[in-house]
Amino acid sequence: MPELPEVETIRAGIADYIVGRKVVDLVVRNSQLRVPISDELRTEFPGQILNAVDRRAKYLLFRTNTGTMLLHLGMSGSLRLLREIVPPGIHDHLDINFDGEITIRFNDPRRFGKILWITGDPLQQLPLCNLGPEPLDSEFTGNYLYQRSRGRRIAIKSLIMDQRIVSGIGNIYATEALFRAGIHPIRAVGSIDEGRYQQLIIAIRQVLTEAIAKGGTTLRDFHHADGQAGYFQFALQIYGRAGKDCPNCGHLIKEERHGQRNSFYCTHCQT
DNA sequence: ATGCGGACCTGTTAGC
DNA sequence: TGCTAACAGGTCCGCA
């Protein structure tokens, strides 16, 4: 479910409430995620003071003096901030209880999420050390994408969704950015020149920045930590709009499945 | 090495 | 109306 803007929205919605607080205890109701919740996390995280909640790609980093809890929400994971006792529901797999009666509750129906305890610098080890640059950082440039695409044949959409190339972009924002840049989603990466990569970088930055400002995209079940929905779904120009008119040129928007994921594109303005 | 397809799960929706 | 199949904001592994 969540891509960079959704993860950032969740981060911003919880950090001020929990940074500086002590982790009182963890309540694990179901440890069977993609990677089972470790005993190490259960023993090491409680008792620590939370120094910061950071984001890297689609991961949240809950930093303490002795280690970092890394959290990936997968397709269907979400966090809720609770300030009173709320009975747990189905798929509420983990509660993190802080002093001051504040709880962060992790819910994940499909259990594709991942929760790890990392000691040492989390950015220097797996899984974070293999991630590509943040798309909003200055090192992510048209020239970088151009260089990384030479000699390769994959579709451009696959390239920008590859977390080792650039991190944080998923199916919705890849689709939207390619539309804004006028590039067909299955265009071979080796056939795109550097100028168009520069346009793509601009499009990616714009889409992500606007989505963060609007609190992410709520198509189905994404919600902020306080339960509110995002607003960027109203600004989607191409995703989910098969059969409708292109907002640029009025031609038909098509939907096709490429590599297990749905793509939407305008046959006229995306080449 | 690169690129594809399938697997991991459950809930919801489209289509017969 | 009710059943079944397909699909969903994401990785991750194994095979050609």
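A, B, ... follow the sequence lines: proteins, then strands. Residue 1 opens every chain. All heavy atoms count here, side chains included; hydrogens, waters and symmetry mates do not.
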Here the distance between atom P of dC13(C) and atom CG of L126(A), to the nearest Å, is 11 Å
Note, Q198(A) side chain near I201(A) side chain (heavy atom, < 4.5 Å):
no
For dC12(C), take OP1 and OP2 only and decide whether either is under 4.0 Å from a side-chain N or O of K114(A).
yes
Over all strands shown, is I154(A) touching base, sugar-phosphate only, or nothing at heavy-atom distances under 4.0 angstrom?
sugar-phosphate
Starting at atom CG of L219(A), determine the distance to atom P of dG10(C), rounded to an integer number of angstrom.
11 Å
Decide yes or no for L79(A) and L71(A): does some side-chain heavy atom of the first lie under 4.5 Å from some side-chain heavy atom of the second?
yes
Could you check whether the rings of H224(A) and F222(A) sit parallel, tilted or perpendicular, using 30° and 60° as the cut-offs?
tilted
Going by the side chain to side chain donor-acceptor pair (under 3.5 Å) test, name the single residue among K157(A), E255(A), Q270(A), E256(A) that passes it with Y265(A).
E256(A)
Base versus backbone protein contacts along nucleotides 10-16 of chain B [heavy-atom cut-off under 4.0 Å; B, S, -]:
BS-----
Looking at dT11(C), dG10(C), dC7(C), which one has an atom nearest to any side-chain atom of M75(A)?
dG10(C)
Sequence-distant partners of H258(A), ring-ring contact (aromatic ring centres under 6.0 Å, His included), two or more places apart:
none
note: H258(A), atom NE2; dG3(B), atom P; distance rounded to Å ~ 16 Å
When we call it a touch if two heavy atoms are under 4.0 Å apart, what does D221(A) touch: a base, just sugar-phosphate, or nothing?
base
Does the pair E3(A)/K58(A) count as a salt bridge with the N-to-O cut at 4.0 Å?
no
Candidates dC7(C), dG3(B), dT11(C) - which lies nearest the side chain of K58(A)
dT11(C)
Between dG5(B) and dC7(C), how far apart are the P atoms? Round to whole Å, please.
14 Å
Which of dG3(B), dC8(B), dC12(C) is nearest the side chain of Y59(A)? It is dC12(C)
Between the base of dT2(B) and the side chain of R153(A), is there a donor and acceptor pair under 3.5 angstrom?
no
Mutual orientation of the aromatic rings belonging to Y144(A) and F140(A) [parallel < 30°, tilted 30-60°, perpendicular > 60°]:
perpendicular
Closest to the Q260(A) side chain: dA8(C), dG5(B), dG10(C)?
dG5(B)
Near DNA chain B, counting only heavy atoms under 4.0 Å, which residues of residues 159-192 of chain A show up?
none
Looking only at atom P, what distance separates dC3(C) and dC9(B), rounded to whole Å?
26 Å
On DNA chain C, check which nucleotide each of P2(A) and P127(A) is closest to and give me the residue with the more 5' one.
P2(A)
In whole angstrom, give me the gap between the P atoms of dG11(B) and dT1(C).
24 Å
Tell me the interatomic distance from L128(A), atom CG, to dC12(C), atom P, rounded to whole angstroms.
11 Å
Its dot-bracket string being built from Watson-Crick and G-U pairs below 3.5 Å, with | for another strand and [ ] for crossing, DNA chain C has the pattern .|||||||.|||||||
How many Å lie between CG on L116(A) and C1' on dC12(C), as a whole number?
14 Å
So does L236(A) get a backbone contact from the side chain of E176(A), meaning a donor-acceptor N/O pair under 3.5 Å?
no
Side-chain contact check for R152(A): nearest option of dG3(B), dA8(C), dG10(C) is dG3(B)
Atom CG of D108(A) and atom C1' of dA8(C) are separated, to the nearest Å, by 13 Å
Would you indicate, yes or no, if dC4(B) has its OP1 or OP2 atom less than 4.0 angstrom from a side-chain nitrogen or oxygen of R261(A)?
no
Exam field: side chain R196(A) to backbone G182(A), donor-acceptor pair closer than 3.5 Å
yes
Taking atom CZ as the centre, does R29(A) end up with more than 12 heavy-atom neighbours from other residues, nucleotides or ligands that are less than 6.0 angstrom away?
yes
Connected to L61(A), directly or through other members, by ILVMFWY side-chain contacts below 4.5 Å are V35(A), Y59(A), L70(A), L116(A), I118(A), L123(A), L128(A), L131(A)
Apply side-chain contact (heavy atoms from CB on, under 4.5 Å) to I202(A) and Q199(A), showing your working.
CA-CA 5 Å; I202(A) 292 168; Q199(A) 293 177 320; 5.7 Å; no
So, does N262(A) get its side chain near the phosphate of dA8(C), meaning an N or O under 4.0 Å from OP1 or OP2?
yes
By centroid distance (under 5.5 Å) and plane angle (under 30°), are F112(A) and dC8(B) in a stacked arrangement?
yes
Can you list, by chain and residue number, the hydrophobic cluster partners of M161(A) when the side-chain cut-off is 4.5 Å?
none
